[in-house]
Amino acid sequence: IQRTGAGTQGLVRCVKAETLLASSFVCAGATVRYIKQQSPARVTLVSTGPDGEDQACAEYIAALLRNKRPDTARLLDHAHDAGQQRIDYALSKGLITEAQRDEFAADLDCCRALDRFDFAMVVQRRGGLLVIETAH
């Protein structure tokens, strides 16, 4: 089960996509390889967040699709800083506790583990539901 504030909603709203993929830094390289194997005429990257991790990951994937070398350190730092700002804001507003802040910060580090997994996340439509399956 995947639940994110924007990512899941973004997938649900992509009703006209012939092929639908979910991605993040941890599987970005595999996602690019999958896209290139499919040889689509057009690729649309949808960043579901206003800034931060989603945008940085979209930039990373776009560069790889164009066979360019992205500034990985800059993009990962940008993703980290944006995530940390959201954590700090939530803490300052009393939306999370100090313990939760530490958990979210550790989770943020895991989210930046570039190409940790060697699979793409292909989204299938089944019975009105979206199901994510791995593809190599």
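Since this is a predicted model, take the numbers as computed values, not measurements.
- Nearest approach of Arg101 to Ile87, heavy atoms of both residues: CG-CG2, 3.4 Å.
- For the salt bridge (Lys or Arg N to Asp or Glu O under 4.0 Å) condition, no pair includes a residue of residues 60-70, sequence neighbours left out.
- Side-chain heavy atoms closer than 4.5 Å link hydrophobic residues (I, L, V, M, F, W, Y) into clusters, and following such links, possibly through other members, connects Val122 to Ile35.
- Criterion: ILVMFWY side-chain heavy atoms under 4.5 Å apart, direct or through other members. Under it, Phe117 and Met121 are part of a common hydrophobic cluster.
- Pairing each heavy atom of Ser23 with each of Ile61, the nearest pair is OG-CD1, 3.6 Å.
- Legend: residues meeting side chain to side chain donor-acceptor pair (under 3.5 Å) with Thr134, ordered by chain and number and at least two apart, are absent.
- Environment of CD in Glu133: crowded, with over 12 heavy atoms of neighbouring residues, nucleotides or ligands closer than 6.0 Å.
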### Task
Verify side chain to side chain contact (heavy atoms under 4.5 Å, CB included) between Gln84 and Asp88, making sure each step is shown before the conclusion.
CA-CA 6 Å; Gln84 190 62 54; Asp88 293 344; 3.0 Å; yes

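- Of all heavy-atom pairs between Val46 and Cys14, the closest is CG2-SG, 4.3 Å.
- The minimum heavy-atom distance linking Val123 with Ile132 is given by the pair CG2-CG1, 3.9 Å.
- Screening residues 106-117 for side chain to side chain donor-acceptor pair (under 3.5 Å) gives Tyr60-Asp115 as the qualifying pairs, with residues at least two apart or on separate chains.
- Defined by atom type and a distance below 3.5 Å, a donor-acceptor pair is missing between the side-chain atoms of Asp81 and Gln85.
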